[in-house]
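Since the structure comes first, as structure tokens, the remarks are kept for the end.
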Amino acid sequence: MTKISTVSRGWPWLVAIGLSGALSACGGGGQTPILGGGDLALEPPLIPVAPPLSPLSVTGVTPAPHAAGLAVNTRFITAAFNKPMDVATLNAQTFTLACPSAVAVGGGVVTYVAASQTAVLTLPVGTLLPANSVCSATIHAAATDRTGMALASNHAWQFGTGASSDTTAPTVTHTGQANGASGVALNTKVEATFSEAMNPLTINNRSFTLQGGGVVVPGTTGYSGVSMVFVPTRELAPGTTYTATIGTGAVDLAGNALAAEHRWSWTTAAAADTTAPLVTTVAPADLASNVHVASTIKATFSEAMDPLSISSASFRVAGVPGAVSFHVPSRVATFTPHSALSAGTAYTATVTRGAVDLAGNALATDKTWTFTTAAVPLVPLAFALKSAAPYGSFGGSAGMTNMGTLTRVNGDIGTTGTTTSTVTGFHDSMGDIYTETPTNAGVVSGKIYSCTNSTTGPTSAGVNAPACAVATLARLEAQATYLALVARPVGGASPAPGANLAGVTLQPGTYVAPGGAFLIQGGDLTLDAQGDANAIWVFQMASTLTVGGPGAAFPQSIILAGGAQAKNVFWQVGSFATINAAGGGTMVGTLISQEGMAFSTAGNTTVTTLNGRALSLGASVTLVNTVINVPQ
């Protein structure tokens, strides 16, 4: 700054001298100055202004923010940046982990992976995170990029631990080139997606190799999210078979290695790929209105993309901080705001030409679209569930009962009930069995959280106080969600339906039951999102919900159309819900009732399916040969 100021102050006399010489050369003061006029010639030259530098930011972290059930033997915490970092500023003081426990989690080593601009905090061997706790990782503002630019503020995120260690080997779930494929472009990058987040320090040219024509192909290996990308230093040879190998040196965040090498092969074409990819669909749609403030923003691409190029640097929403993820198989990029959007506000989303396909071709032009949030500040329902989100069923303060051997809850179940008969007919993944018989045995893929002890298993010796605390919190947060549902203003894109929703197609909205009760009898209910994967339905009932019938016959289902998702459907039931008393049918959404609910009827063997959650705040929940799939 001192140099610039000094030079600037000296310019007037330098200009005067230069102008005097110029005028003399032109034959005197009567000639038009060569700078275009006397007044303009006396102005100092403009100083070139450099474009503003983009701020340093964290583009992705593992474990993900608000992740739950993290293995206690997790040893690697990662943070990716949008710029190359100054390695000297990444250390145990600028990348920290804190947990509310006497268990020591400090003393880690921070390593920087330049290929993916990722810092990795490695905890000491033998470190175990405290079970059933919330930990916080922080990148401190003292971390800077190579130009010396620091974060505007500390970047912190939280995640919850479970009760067990991870001993499961990761797998490769997808590859950018299908095994046995032909006609692969000569300028292709090699992509592989793992079943879980991996330690970036182990995804490199030692754990990955590419061979073709009897030689090893040189290149660089990068990693982001759950995907690795290998970039050859030159085009591949035409008409040649190449074999890619990921070795057992690749390990997950708990240190588990691939169980075996993963290999796949393909044959190249005769030419390179020079076709630009496209963004084919977006959600919310361009010019969409009444968008929920808790929406995520999505873009789908026309072809396989380089996942390392899909980040907050290439996918952004103006004025909104957020995180970007990319689902490689579906080619869908998702922007998740760090907090709810503002009500009644217009937003502009952009996918830039920084997004490239596996051949390195960028979008032909930036893809930009706009949408407007609902004018009424709607409650962000997906956030409101909080710790109640993992539960397939919750029996309030009364308990859970299963009848039959076909019941399976793909999630957790819980209750704050304290009597020994509170939970009957279930066993969970931790080995706890609650009063099962040969004819009444239901599987819980997650954990049973209760305020009583199991018949046999880890909690059979007495009440598990931590599990009771978890269940109590889940009930409180389910109750908060119930109250949020009650408070939502009524209104939707479809006309208000009658009490019976059978044979009706409804667009997103909040619908209240006339007379206090909703029925679905005599036909199925269809929910049509019309292309908006973030569309939300709320059904408000002062009293009951009855699906199926009339009587104990004729099961009914809910049909999702136009991109509608089960996680975005909510049923607020003032008293009791009866779901397909005859058995069978598919119910959809999160049901929260004041006074319990029942699925099917004792003796029915036809499976009833719920793609959602069955949460009761008071009375018990009864499942008869029922499968519950908790939405992600």
Roughly how far, to the nearest 0.5 Å, is the [atom2] atom of [Y] from the [atom1] atom of [X]?
X	Y	atom1	atom2	answer
N568	I536	CG	CD1	5.0 Å
T481	L385	OG1	CG	4.0 Å
M430	Y449	CE	OH	8.0 Å
M228	T175	CE	OG1	10.0 Å
C99	Q158	SG	CD	11.0 Å
I520	T546	CD1	OG1	9.5 Å

Smallest separation among heavy atoms of [X] and [Y], with atom names:
X	Y	result
V588	V569	O-CG1, 3.8 Å
T526	A561	CG2-CB, 4.1 Å
I297	F315	O-CZ, 3.6 Å
A156	T138	CB-OG1, 3.6 Å
A535	A529	CB-CB, 3.9 Å
A478	I592	O-CD1, 3.9 Å

Determine whether [X] and [Y] make a side-chain contact, defined as any pair of heavy atoms from C-beta on separated by less than 4.5 Å.
X	Y	value
F335	V320	yes
Y482	Q572	yes
V627	T608	no
F539	V573	no
L545	M587	yes
F194	T171	no
W369	V351	yes
P337	V317	no

Keeping [X] on the side-chain end and [Y] on the backbone end, is there a donor-acceptor pair under 3.5 Å?
X	Y	value
T578	A598	no
R316	A313	yes
Q540	R488	yes
D412	K447	yes
T280	T300	yes
S593	G596	yes
D524	Q556	no

_Can you classify the ring geometry of Y391 versus F394 as parallel (below 30°), tilted (30 to 60°) or perpendicular (above 60°)?_
perpendicular

Can [X] and [Y] be counted as having a side-chain donor-acceptor contact under 3.5 angstrom?
X	Y	value
Q594	S575	no
Q507	D528	no
E191	T193	yes
D366	T350	no

*Between V443, V607, V624, which is the residue that forms a side-chain contact (heavy atoms from CB on, under 4.5 Å) with L406?*
V607

*Determine, stepwise, if the pair T62 / T78 fulfils side chain to side chain donor-acceptor pair (under 3.5 Å).*
CA-CA 5 Å; T62 57; T78 77; 2.4 Å; yes

